[in-house]
> 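Below are the C-alpha cells for one structure; questions will follow.
All values below were derived from every heavy atom in this structure, side-chain atoms included, with hydrogens, water molecules and symmetry-related copies excluded.
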Amino acid sequence: MGVSAIATQLEVRNLTIAYGSITALASINLVVAPGEWLSIIGPNGSGKSTLLKLMARLLSPQIGTILLDGREIHSQPTKVVAQKLAMLPQQQTIPAGLTVRQLASLGRSPHQAWWQWELDRAGNAKVEAALKQVQMLDKCDRPVQQLSGGERQRAFLALALAQDARILLLDEPTTYLDLRYQLELLELLKHLNQEQKLTLITVLHEINLAARYSSRLALLDRGHLWAVGTTAEVLTPANFAEVFGLDVVTLETPVGLQICPLSAINASC
Ligand code: ADP
Ligand code: MG
C-alpha cells in the first residue's frame, strides 16, 4: 500500500434496500477508516437503523455491497464477521434472570467451538476485562432486567467488548438515559475509541452529542446520504433547513461546534 493510500475498514458501495414498496436507502456510498468515530444522523425514518443493520449484516441489500477489511460482508460466515464487528441494537431483548456476567459471556460465542459450553481461561479473562472496562464488575451477578438504563447499556457494551471486535456499531445507545448517563456512556466510548483505537459507528439522535464526540458525521435524508464530513461541513444552517426543516444557528462552544434550533420553517412560506 502506498503512503498516500487511505486505509479502509468498512466500505458501503452503491447500497439500496427497500421494505416492500418503501425505499429505505438509495445508492449509499460511504467509507469508514480504522479508528474513526462516524455518527449517522438524520430525521426519524431517514434510514439510520437500516444502514447500521446492513453494516452489521442483519439485513441484506437488494443492490450494492458492503466490504469489511476488503471482503464482502454478506458472503462471509456469521462467526468470522462477529469476530471483527459487534452491534449494540436499538431494542434489546433480555432473557429473564440472565445476569450481567452471563450476558457479557455471550460475547465470546463467536470465538468458541459449538461444542464448547464453558468459557476457557482466555475467554473468562476477556469477559472479566470487559466487565471492568464498563465498571460493572461489582454488579456482575445482578440480573440485567433489574438494572437502571445506564447500567443496562454498560452491560450490553461489555458483551460487545468481550466479543473482541475492532468495530462497534451502536444504535441510539443514549436514548433512554438522562444527560449525566449520556455523557458517561459517550466518555466511555471516547476512551475505547482513543485508547484502544476501536472504530465506532453510532446512530445518535442527539445532534449536539454527535457533533461533540464524533470525528465525522453522515447526514441521511429520506434514504439518501445528504452530506458526509466534519462537524463544520455537515452541521450547516443550509443542511438543517433542507433536511430537518429547521432554522438553526451554529455556535462555537467549549465543546466545539453546537447547533441551536430557532424555529421550524413553515413550508408554505
Ligand atoms: P431511522 O432509524 O432513521 O428512524 P429506519 O431505518 O428505522 O429509520 O427506517 C427507514 C424507513 O424504513 C422508514 O420509512 C421506516 O418506516 C421503514 N422501515 C424500517 N423498518 C421496516 C420494516 N421492518 N418493515 C417496513 N418498513 C420498515
Ligand atoms: Mg432508528
Side-chain angles (χ1 to χ4, degrees), residues 6 9-10 12 15 24-52 55 88 90 150 153 167-194 197-269:
I6 298 167
Q9 196 169 27
L10 197 69
V12 170
L15 204 69
L25 292 172
S27 308
I28 305 287
N29 289 290
L30 199 57
V31 171
V32 182
E36 80 165 315
W37 185 341
L38 175 79
S39 283
I40 303 165
I41 58 172
N44 290 337
S46 56
K48 304 182 295 295
S49 294
T50 302
L51 181 55
L52 215 65
M55 288 172 163
L88 208 75
Q90 194 167 8
Q153 283 300 52
I167 307 177
L168 285 188
L169 307 179
L170 303 104
D171 196 350
E172 301 202 7
T174 58
T175 299
Y176 299 109
L177 307 182
D178 62 39
L179 197 49
R180 184 197 162 100
Y181 291 110
Q182 288 182 15
L183 283 189
E184 277 184 9
L185 188 74
L186 290 166
E187 287 294 328
L188 177 58
L189 292 175
K190 181 175 162 185
H191 180 81
L192 295 169
N193 177 242
Q194 292 185 344
K197 310 293 177 218
L198 287 188
T199 305
L200 301 180
I201 306 176
T202 47
V203 170
L204 286 175
H205 207 69
E206 177 51 65
I207 306 270
N208 281 331
L209 291 176
R212 174 170 174 175
Y213 285 97
S214 323
S215 38
R216 269 194 322 147
L217 300 175
L219 173 61
L220 288 179
D221 177 35
R222 288 165 292 178
H224 296 270
L225 187 58
W226 182 267
V228 58
T230 62
T231 302
E233 286 163 348
V234 173
L235 299 188
T236 63
N239 283 343
F240 270 82
E242 289 288 346
V243 176
F244 289 93
L246 282 175
D247 187 14
V248 305
V249 287
T250 54
L251 304 168
E252 203 45 68
T253 77
V255 294
L257 193 77
Q258 298 276 278
I259 286 285
C260 175
L262 298 176
S263 60
I265 297 167
N266 190 338
S268 60
C269 285

> Does Tyr213 offer a backbone N or O that forms a donor-acceptor pair with the side chain of Lys190 under 3.5 Å?
no
> Could you check whether any side-chain heavy atom of Leu51 comes within less than 4.5 Å of a side-chain heavy atom of Leu15, counting everything from C-beta outward?
yes
> I would like to know whether Val12 and Val32 meet side-chain contact (heavy atoms from CB on, under 4.5 Å); could you show each step before the answer?
CA-CA 9 Å; Val12 170; Val32 182; over 6 Å; no
> Which pair of non-hydrogen atoms, one from Ser46 and one from Leu25, has the smallest distance, and what is that distance?
O-CD2, 4.4 Å
> Please check if the side chain of Lys197 supplies one atom and the backbone of Gln194 the other of a donor-acceptor pair under 3.5 Å.
yes
> Might you work through the side-chain contact (heavy atoms from CB on, under 4.5 Å) test for Leu217 and Thr231, ending with a clear yes or no?
CA-CA 6 Å; Leu217 300 175; Thr231 302; 4.2 Å; yes
> For a quick check under 3.5 Å, do Thr253 and Gln258 share a side-chain donor-acceptor pair by atom type?
no
> Quick check against the 3.5 Å criterion: does Glu172 have a side-chain atom that pairs as donor or acceptor with the backbone of His205?
no
> Enter the distance from Asn239:CG to Phe244:CZ here, rounded to the nearest 0.5 Å.
9.5 Å
> Using every non-hydrogen atom in the two residues, find where Pro261 and Val248 come nearest and quote the distance to one decimal.
CA-CG1, 3.9 Å
> Mind checking the CG-CG spacing from Leu10 to Leu169? Nearest 0.5 Å is all I need.
7.5 Å
> Measure the spacing between CG of Leu257 and CD of Glu233 and express it to the nearest 0.5 Å.
11.5 Å
> Apply side-chain contact (heavy atoms from CB on, under 4.5 Å) to the pair Ile201 and Ile40, showing each step before the final yes or no.
CA-CA 7 Å; Ile201 306 176; Ile40 303 165; 3.9 Å; yes
> Where the side chain of Lys48 meets the backbone of Pro43, is there a donor-acceptor pair that is under 3.5 Å apart?
yes
> Considering non-hydrogen atoms only, spot the tightest contact between Ala210 and Ser214 and give its length.
O-OG, 2.6 Å
> Please report the shortest heavy-atom distance between Asn193 and Gly35, naming the atom on each side.
ND2-O, 3.1 Å
> Determine whether more than 12 heavy atoms belonging to other residues, nucleotides or ligands lie under 6.0 Å from atom CZ of Arg216.
yes
> Rounded to the nearest 0.5 Å, how far apart are CE of Met55 and CG of Leu30?
5.0 Å
> Return the CG to CG distance between Leu198 and Leu200, rounded to the nearest 0.5 Å.
6.5 Å
> Are any of the side-chain heavy atoms of Ile167 and Gln9 separated by less than 4.5 Å?
yes
> Donor-acceptor pair, Asp171 side chain versus Leu88 backbone, under 3.5 Å?
no
> Identify the two heavy atoms, one from Ala211 and one from Leu235, that lie closest to each other, and give their separation to 0.1 Å.
CB-CD1, 3.5 Å
> Roughly how far apart are Gln153 CD and Leu185 CG, rounded to 0.5 Å?
6.5 Å
> Check whether Asp247 reaches the backbone of Ala264 with its side chain - one donor and one acceptor, N or O, closer than 3.5 Å.
no
> May I ask you to decide if Leu177's main-chain N or O and Gln182's side chain share a donor-acceptor pair within less than 3.5 Å?
yes
> Could you pull out the closest heavy-atom pair between Leu220 and Val243, with the gap in Å?
O-CG1, 3.7 Å
